[in-house]
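Right, one structure below, let's go through it.
Note that ligands are numbered from 1 as they come in the structure, with each ligand's atoms numbered from 1 the same way.
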Amino acid sequence: MSDERDDDVLAGAHLDTLAVRAGISRTMEGEHAEPLFLTSSYVFDSAADAAARFSGASPGNVYSRYTNPTVRAFEQRIAALEGGEQAVGTASGMAAILSTCMALLKSGDHVVCSRNVFGTTVNLFSKYLAKFGVEVTFVPLLAVDQWRAAIRPNTAMLFLETPSNPLCEVADLAAMAELARASDCLLVVDNCFCTPALQTPLALGADIVIHSATKYLDGQGRCVGGAVVGTQRHMEEVVTFLRTCGPTMSAFNAWVFLKGLETLRLRMEAHSRSAQDLATWLQQQPAVEKVFYAGLPDHPGHDLACRQQRAFGGVLSFAVRGGRQQAWNVIDAVRIMSLTANLGDAKTTIVHPATTTHGRLSEEDRAAAGISDNLIRVAVGLEDVEDLRADLQRGLEALH
Ligand SMILES: *Cc1c(COP(=O)(O)O)cnc(C)c1O
């Protein structure tokens, strides 16, 4: 049963209100919090009702691979936050990317993809989609000329992440959207690093937004999930793929993500504030060669990020003086930060990209992407920033 009073009031509401209230539909029990529907199937009122629901003549639930009220609540909330017509929850961020590609691409299509995307995304395109006749060309995120040159008559999709991981390169979303429109292809943006609290790509002309809900949407490192947001026409195709092929979001995870979204903007601002503090401090340390964070005025993406984002996010990286061993020494000396490749958690994480997240790239590809052996990535969490600074200080002292 839908809470129509809320639906009505929410048209035109601001992000924080939508993050707390969009998608709520109360049952007869009158519960205040979002209910969790842990059920795989649904009963019908009569044989005729069953027939009507199966045929689609009646909109009721049939089976949780098709629809689940908790997942639907999450979908409505993330759609409202991204400013999209419709959203679809998926089993993971990778399932969101796979479902989008399977639904909207066909054999013989070509994709231009940023070289600076999540490593598994590269594998998905080059290993699996290639097997089904979808060709992909990888280009550097910021080289718009190379994007333009790579586009062919059969190019159906441009795919990118901004800001990039781990160097925080910032792509001009409005310019990329214009290029996509002029080339009659879709612009798909993985908005994992900013979330709709800091950046809304659809408003800048992107066609589809992808999320790994595993990261900041959950925000506390509990559940794996994903989402696709876009027009109703595109999402219908994605929904049909999911219903047929099955990488749907679990109701339990959807419930966790709903609660995560309630605090999204507060968390993203806190992550950003602490990251800015640490980036500024790191820049002053003699043992640090260079800091990569778009919040720093000397970062090449700073001005663009100021226009396009509401804050600079929680991920920064820095190069220490020395090579791989020195970077490892710093990582091994910190005591509060967790040594893990995940990000978007309340707990700060620290990792050596060259030998973990980007370890499968060839040495040349890594060099081309700017992932040097002395580079360290920190995904700043919600601990007190003074303690985090002291922890990095402890790390840097390992270099003396
Ligand atoms: C983690 C991540 C993914 C994949 O999401 P999963 O939930 O792990 O499947 C995709 N894109 C980006 C930018 C990510 O950080």
Side-chain angles (χ1 to χ4, degrees), residues 71 74 78 82 87-102 111 113-129 138 141 157-171 173 188-199 201 206 208-229 238 242 245-250 252-254 256-257 260-261 268 271 275 294 309 313-317 340-345 349-351 353 356-361 369 371 377-381:
V71 175
F74 166 75
I78 188 71
E82 286 287 2
V88 188
T90 59
S92 66
M94 290 318 301
I97 299 172
L98 174 69
S99 303
T100 303
C101 291
M102 293 301 276
V111 175
C113 183
S114 162
R115 199 172 56 192
N116 316 65
V117 291
F118 190 61
T120 315
T121 305
V122 173
N123 291 349
L124 172 63
F125 279 115
S126 49
K127 179 155 188 214
Y128 291 100
L129 293 174
F138 293 100
L141 177 62
M157 181 186 286
L158 311 183
F159 188 103
L160 61 87
E161 273 169 37
T162 180
S164 72
N165 173 22
L167 297 179
C168 301
E169 290 178 325
V170 183
L173 284 174
V188 179
V189 176
D190 185 332
N191 200 25
C192 180
F193 277 66
C194 270
T195 83
L198 304 188
Q199 167 174 283
I208 290 173
V209 163
I210 299 279
H211 274 289
S212 167
T214 316
K215 313 292 168 53
Y216 292 107
L217 302 193
D218 175 354
Q220 291 166 69
R222 298 164 292 193
C223 289
V224 174
V228 188
V229 194
V238 177
L242 277 162
C245 301
T248 44
M249 175 174 279
S250 99
F252 179 80
N253 291 5
V256 171
F257 298 140
L261 286 177
M268 292 312 293
H271 286 299
Q309 302 173 201
V315 177
L316 64 88
S317 60
T340 165
N342 199 25
L343 60 98
D345 196 308
T349 66
I350 189 166
V351 76
T356 59
T357 53
H358 294 68
R360 265 183 282 173
L361 295 182
I371 316 292
R377 186 194 75 188
V378 175
V380 182

(request) Answer yes or no: are there more than 12 heavy-atom neighbours, outside Phe252 itself, under 6.0 Å from its atom CZ? (result)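 No, the 6.0 Å shell around CZ holds no more than 12 heavy atoms from other groups.
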Taking [Y]'s backbone N and O only, do any of them form a donor-acceptor pair with [X]'s side chain (distance below 3.5 Å, no angle check)?
X      : Y      : answer
His271 : Val380 : yes
Glu169 : Asn116 : no
Thr90  : Gly226 : yes
Arg377 : Thr349 : no

When you measure from [atom] to every protein heavy atom, which one gives the shortest distance, and what is it?
atom                   : value
atom 9 (O) of ligand 1 : Met94 N, 2.9 Å
atom 5 (O) of ligand 1 : Ser212 OG, 3.0 Å
atom 7 (O) of ligand 1 : Thr214 OG1, 2.6 Å

(request) Could you establish whether Gly225 and ligand 1 come within less than 4.0 Å of each other, counting only heavy atoms on the residue side? (result)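 Yes, Gly225 has heavy atoms under 4.0 Å from ligand 1.
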(message) Below 30° counts as parallel, above 60° as perpendicular, anything between as tilted: where do the rings of Phe74 and Phe257 land?
(response)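 Ring orientation, 0 to 90° scale: tilted.
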Any N or O of [X] closer than 3.5 Å to N or O of ligand 1:
X      : value
Lys215 : yes
Gly93  : yes
Phe118 : no

(request) Could you tell me the separation between the CG atom of Leu98 and the CG atom of Leu242, rounded to the nearest 0.5 Å? (result)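 Separation between the atoms: 9.0 Å.
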(message) Counting only heavy atoms, tell me which of Thr357, Thr120, Asp190 gets closest to atom 12 (C) of ligand 1.
(response)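 That would be Asp190.
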(request) Under 4.0 Å from a heavy atom of Glu161: give me the atoms of ligand 1 that qualify, with their elements. (result)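 In order of number, 13 (C).
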